[in-house]
2 protein chains.
Amino acid sequence: MTVISLHDPSHREAFWELEAAFDRGDLVSVFGQCTVSYEGRAASDLGSGDRLLLLKPDGAALVHTDEGRTPVNWQPPGSTHHAAVREGRLRVRSTRTSPDERLTVRFSTVRQFSAMPVTGGRDLDVHGSEEDLRTRIVERPALIEPGFEPTATERPSSAGPMDVFGVDADGTPVVVELKRRRVGPDAVGQLARYVRAVREERGVDPDAADSDAAVRGVLVAPSVTDRAAERLADHGFDHVALDPTADD
Amino acid sequence: MTVISLHDPSHREAFWELEAAFDRGDLVSVFGQCTVSYEGRAASDLGSGDRLLLLKPDGAALVHTDEGRTPVNWQPPGSTHHAAVREGRLRVRSTRTSPDERLTVRFSTVRQFSAMPVTGGRDLDVHGSEEDLRTRIVERPALIEPGFEPTATERPSSAGPMDVFGVDADGTPVVVELKRRRVGPDAVGQLARYVRAVREERGVDPDAADSDAAVRGVLVAPSVTDRAAERLADHGFDHVALDPTADD
DNA sequence: TGTTTTATTTCGACT
DNA sequence: AGTCGAAGTAAAACA
């Protein structure tokens with residue numbers, strides 16, 4: 001129930017505690033000089049150097065250097081960890097199947113070892129996602145424009161499901177496409193395909209771009225590139241500037 | 001020059017060593033019960049629980065639970081770390097600008113603290129990447145087919161740069177598209193755009209799909225989906241099965 | 001189990 | 001600083 005911490009342990013000592021930590025389901029960190037090799041979806045080799053090896057009870061293994069957000073090598077959850085002492089040195093191997101992958105860390109020196117029991121608090125509450133944005137628009141349709149009424153989210157069409165679908169104050173159908181960050185022309189193309197699909201459903205000229213178009217397109221994003229703005233104008237679509245993080 | 005490790009330190013003690021470790025440019029890990037909040041590109045809150053906080057000298061900050069390959073919260077490299085003691089508790093904050101982001105970790109208990117000096121061995125030698133595949137094909141063109149001769153890699157076209165461009169045994173131009181894993185119809189579409197661009201360059205019928213097409217398309221990938229195979233056949237393109245990991 | 005889509009994607013290269 | 005494309009992407013939703 002407590003953290004086990006070893007300073008400059010022997011390889012055999014580290015191995016012993018590693019096995020015990022696996023059994024307890026602890027989160028383990030091992031710091032020291034090591035080489036790393038990976039074989040699986042690709043292959044890689046890392047020469048000798050100081051790294052931090054993190055071993056999780058769910059099977060994940062991470063090798064971190066002093067730089068970067070992403071581990072320099074890793075193994076996904078679902079792998080199984082094995083420790084051994086070979087030629088007097090600690091070797092940790094993490095393997096999984098489908099796809100077959102194997103990560104091997106060979107320590108020449110172990111400087112620090114910790115085994116940490118972890119309890120609770122795994123649930124993260126994220127807001128500012130696209131789903132969150134959709135919810136906010138359904139709850140407060142005026143964010144799009146006064147009089148807008150959403151009738152469906154994820155409504156299917158021949159071009160795929162549309163983020164939000166509804167009608168404006170005049171009763172004209174509106175297709176709303178949501179993006180949580182600055183968008184390029186590709187997003188306009190996606191919106192255009194949805195609008196076109198709905199126009200075809202209704203038997204209207206699919207390529208109309210004026211008030212006779214009978215189906216409107218609205219792109220919701222914090223901002224758009226110049227190119228995207230041009231394409232929006234070409235199609236006669238509107239852009240609503242909405243920051244997904246803002247409270248309203 | 002050595003690892004500093006504290007078992008159940010006081011908040012003030014942890015704060016003190018944290019500041020010193022930042023100054024030395026050490027890799028720091030702090031394990032304990034804490035809450036985490038993030039504001040920036042999105043926003044999130046994480047209730048109290050045991051987590052491992054990793055602070056790197058390049059500004060990266062990672063919060064790990066006992067599950068998953070990706071950190072539950074993080075801050076990218078280039079951020080700056082600040083430690084403080086507020087109301088008797090250790091608080092670590094990592095901030096950056098453009099975009100403005102802030103990660104705050106508030107500890108209620110610190111169970112383990114380590115400051116680790118990291119030296120050398122940061123260069124990873126990965127093989128099996130798309131770039132690696134390209135190199136292999138240039139060195140051994142027969143992997144595509146006997147008589148194939150690559151003339152350029154990343155050759156520009158009106159549809160973007162092509163992975164490999166060359167001529168076959170008959171002197172017919174060949175566009176090669178490389179994918180390191182199983183591909184769907186989208187990859188065939190990409191290849192088709194390149195082939196079409198080259199045909200247009202040469203003043204040939206861009207939509208021809210037979211031996212008169214004058215420009216061939218080859219898709220290199222370990223395997224293709226059924227749908228992709230159909231589209232390859234439609235266009236008259238070839239598929240070469242190549243595992244990016246294989247030695248030859 | 002495999003496929004498709006999203007992501008606080010990250011990361012690198014290039015403009 | 002923005003834009004584009006690849007990644008051992010990871011992870012979730014879905015068939």
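Below, chain A is the first sequence line, B the second, and so on; all start at residue 1.
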Separation of C:dT1 atom P from A:Asp100 atom CG, nearest Å, is 12 Å
When rounded to the nearest 0.5 Å, the distance separating CZ of B:Arg106 from CZ of B:Arg93 is 6.0 Å
Exercise for the section: List the steps, then state whether side-chain hydrogen bond (donor to acceptor under 3.5 Å, both in side chains) holds for B:Thr153 with B:Asp163. Expected result: CA-CA 6 Å; B:Thr153 64; B:Asp163 289 335; over 6 Å; no
When rounded to whole Å, the CD to P distance for the pair B:Glu154 and D:dA6 reads 9 Å
- Item | Sugar-phosphate, base or nothing in reach of A:Gln75, heavy atoms under 4.0 Å | base
Determine, for A:Phe107 and A:Arg89, whether the Lys NZ or Arg CZ falls below 6.0 Å from the six-membered ring centre while staying within 45 degrees of the axis. no
So the ring pair (Phe, Tyr, Trp, His ring centres under 6.0 Å) pairs with at least one residue in residues 35-84 of chain B (sequence neighbours excluded) are B:Phe22-B:His81
Does B:Ser98 make a side-chain N or O approach to OP1 or OP2 of D:dA1 shorter than 4.0 Å? yes
Here the distance between atom C1' of D:dA6 and atom CZ of B:Arg182, to the nearest Å, is 20 Å
- Message: Would you say CG of B:Asp125 has more than 12 non-hydrogen atoms from neighbouring residues, nucleotides or ligands within 6.0 angstrom?
- Response: yes
Of B:Thr97 and A:Asn73, the one whose nearest nucleotide on DNA chain D sits closer to the 5' end is B:Thr97
Query - Worked check of side chain to side chain contact (heavy atoms under 4.5 Å, CB included) between B:Leu54 and A:Leu52 - result: CA-CA 10 Å; B:Leu54 215 58; A:Leu52 182 71; 3.3 Å; yes
Identify the pairs formed between an N or O of the protein and an N or O of nucleotides 4-7 of chain C at a distance under 3.5 Å, and give each distance.
none

Expressed in whole Å, how much space separates the C1' atoms belonging to D:dA7 and C:dT6? 15 Å
Counting N and O atoms only, with roles assigned by atom type, does the side chain of B:Lys56 sit under 3.5 Å from a partner on the main chain of B:Ala61, one being a donor and the other an acceptor? no
Mind checking if A:Arg102 touches a base, just sugar-phosphate, or nothing, with heavy atoms under 4.0 Å?
nothing
Self-check item: P atoms of D:dA11 and C:dC11, separation to the nearest Å
Solution: 15 Å
The salt bridge (charged side-chain N to carboxylate O under 4.0 Å, His left out) partners of A:Glu230 (sequence neighbours excluded) come to none
To the nearest angstrom, the OH-P distance between A:Tyr38 and D:dA7 comes to 13 Å
Are A:Arg102 and A:Thr95 close enough that a side-chain donor and a side-chain acceptor fall under 3.5 Å? no
Close N or O pairs between protein and nucleotides 11-14 of chain D (under 3.5 Å):
from   : atom 1 : to      : atom 2 : distance (Å)
D:dA11 : OP1    : B:Arg69 : N      : 2.9
D:dA11 : OP1    : B:Thr70 : N      : 3.0
D:dA11 : OP1    : B:Thr70 : OG1    : 3.0

Numerically ordered, the residues 40-61 of chain A set in heavy-atom contact under 4.0 Å with DNA chain D is A:Arg41, A:Ala42
*Check ion pair B:Glu201-B:Arg199 (N to O, under 4.0 angstrom)*: no
Here the gap from B:Asp238 atom CG to B:Ile144 atom CD1, rounded to the nearest 0.5 Å, amounts to 10.0 Å
*Between B:Ser223 and B:Arg182, do the side chains contain an N or O donor and an N or O acceptor separated by less than 3.5 Å?*
yes
Close N or O pairs between protein and nucleotides 13-15 of chain C (under 3.5 Å):
none

* Asked: Mind checking the C1' distance from D:dG5 to D:dT9? Whole angstroms is fine.
  -> 13 Å
For a quick check under 3.5 Å, do B:Ser44 and B:Asn73 share a side-chain donor-acceptor pair by atom type? yes
Taken to the nearest whole Å, CZ/B:Arg227 to C1'/C:dG2 is 15 Å
Original post:
Going through the distances and angles, do B:Val110 and B:Val30 end up as a side chain to side chain contact (heavy atoms under 4.5 Å, CB included)?
Top reply: CA-CA 7 Å; B:Val110 180; B:Val30 187; 3.9 Å; yes
Can you tell me if B:Arg181 touches the phosphate of D:dA7, counting only side-chain N or O atoms and a distance under 4.0 Å to OP1 or OP2? no
